[in-house]
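To start, the structure itself, in C-alpha cells.
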Amino acid sequence: MRLEAKIAEITGIDGDAVRLEAAETGFPTLSPSSSDISLVAKPGSDTEVIATYITPDDSQEDYWSSAEGLGSFKTFTNQTDRDAHIDDVKAEGKIALIVDKYEHGNVHYSVEQTAGYPDRRWDVAPSGVFTPCDDVQDKYQEAIAAADKLDSKAATTAAKEAALASLIKDSNNILNEFSDWSNGSVYGVVQETWEISQDGRIEKTESQEDWGFIGLSVAEEVLQEQIDNISADDTPEMTM
C-alpha cells in the first residue's frame, strides 16, 4: 500500500482527496489545504514523516468569555430593553453600538449600517448591542479629547469622524471573528510523527495538538507555520 494511502487509512482521510508531489527527500509531500494532510520527511530521519493537518474543533468555549479584550455583546427581545441598555452604557461614559445580523444560511454580525449585505430588507435585522472593550473605548475618548483641541471646527469634525471610523473598524473586526465562531468555523491544528518500518508498517510515535483557532484562514496560517518550521527544526513546536 502506498504511504499516502496508509496515512489516509489510519487518519480517516480519503487518500483520493490528497494531491501528491514528488519530493527529493524520498517521501511524498502534500500541498496543504483545509481538508488534506501535509506530509514532510522529518529532518535527519529516513524512516519518519511528520503529518500536519487541520481538523474541526467541536468543543469550543463561549466566544465572549474565551479571551480578554473582546468587549461584550447582548441580545434583546424588544427595542425598549435594548435602548435602556444603551442608555446605561452611555451613562458610564462609554460607546454602545447596535449590531446588525445577516442570516442567509450562515450568519454575519456587524455594526449597524456598516456592511453591504445583499437582500438587506429580508435577511438583515438589528440583533443586539456591542460594547467595545476598555482599551478601544479609551483610545476613542483620547482621540475625541485631542480633536476638541484643534484650531478649526472643520479639523475637529474630521478628527472626530476618523475616531469613530476607527472604533467601528475595531468593533467589526471582533464581530467578524464572532461570526466565524457562530458559524462553527473553529479549528485545531494537529502535528503527528509517523515511523515507517522497512516492511511498510507505520506507527504514530508523537502527536501535538493546538485548538481554538477561529476562522479557517487563521488555522491555515498556523498550519503553514508548522510546515515551514519542520525543515528548520528537528523538533518543531506548536505556536499560537
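- Using a 4.5 Å cut-off between side-chain heavy atoms of Ile, Leu, Val, Met, Phe, Trp and Tyr, with links allowed through other members, I98 and Y140 fall into different hydrophobic clusters.
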Verdict with supporting geometry, H108 and D100, side chain to side chain donor-acceptor pair (under 3.5 Å) = CA-CA 8 Å; H108 188 267; D100 279 342; over 6 Å; no
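- In this structure, D87 CG and R82 CZ are separated by 10.5 Å, a value rounded to the nearest 0.5 Å.
- Between the D119 side chain and the W122 main chain, no donor and acceptor come within less than 3.5 Å of each other.
- Looking at heavy atoms from C-beta onward, I174 lies in side-chain contact with W64 at the 4.5 angstrom threshold.
- Although no hydrogens or angles enter the test, the distance criterion places no donor-acceptor pair under 3.5 Å between the side chain of S185 and the main chain of W181.
- Taking the side chain as every heavy atom from C-beta outward, V189 and E225 never approach each other to under 4.5 Å.
- Listed here is the closest heavy atom pair of G188 and D57: N-CB, 4.1 Å.
- Ring-centre distance between Y109 and F73: below the 6.0 Å cut-off.
- A distance of 11.5 Å separates CG in N183 from CD1 in I214, rounded to the nearest 0.5 Å.
- Between L223 and T52, the shortest heavy-atom contact is CD1-CG2, 3.1 Å.
- In this structure, OG1 on T75 lies 11.0 Å from CG on D81, to the nearest 0.5 angstrom.
- Judged purely by atom type and a 3.5 angstrom limit, Q137 uses its side chain to pair as donor or acceptor with the backbone of I95.
- What you find for S171 and P132 is that their closest heavy atoms are OG-CG, 3.6 Å.
- In this structure a side-chain-to-backbone donor-acceptor pair under 3.5 Å is missing from D148 to T156.
- Looking only at side-chain heavy atoms (C-beta outward), K153 and T157 come within less than 4.5 Å of each other.
- Side chain of S179 to main chain of L175: a donor-acceptor pair is present (N/O by atom type, distance under 3.5 Å, no hydrogens or angles).
- A single hydrophobic cluster is seen to contain both V99 and V111, as judged by linkage of ILVMFWY side chains at heavy-atom distances under 4.5 Å, directly or through other members.
- Note that OG of S72 and NZ of K94 are 8.0 Å apart. Values are rounded to the nearest 0.5 Å.
- Q141 places a side-chain N or O within 3.5 Å of a backbone atom of G93 that can act as its donor or acceptor partner.
- Taking 4.5 Å as the limit, some side-chain heavy atom of N172 sits within range of a side-chain heavy atom of T114.
- Neither side chain, E220 nor Y187, offers a donor N or O lying under 3.5 Å from an acceptor on the other.
- Rounding to the nearest 0.5 angstrom, the gap separating the OG atom in S65 from the CG atom in L70 is 9.0 Å.
- Residues D180 and V218 are not in side-chain contact: their nearest non-hydrogen atoms beyond the backbone lie 4.5 Å or more apart.
- Under the 4.5 Å side-chain heavy-atom criterion for grouping Ile, Leu, Val, Met, Phe, Trp and Tyr, L97 is connected to Y63 within one hydrophobic cluster.
- I168 and V124 fall into different hydrophobic clusters, defined by Ile, Leu, Val, Met, Phe, Trp and Tyr side-chain heavy atoms under 4.5 Å apart, directly or through other members.
- The side-chain heavy atoms of S127 and E103, taken from C-beta on, include no pair separated by under 4.5 Å.
- From Q208, atom CD reaches atom CD of E192 across 10.5 Å, with rounding to the nearest 0.5 Å.
- Annotation: side chain of T131 is in contact with side chain of H85 (closest heavy-atom distance under 4.5 Å).
- With hydrophobic clusters built from ILVMFWY side chains whose heavy atoms lie under 4.5 angstrom apart, L216 does not share a cluster with V186.
- Between the side chain of R120 and the main chain of Q113, no donor-acceptor pair closer than 3.5 Å is present.
- For the pair V222 and F213, the minimum side-chain heavy-atom distance is below 4.5 Å.
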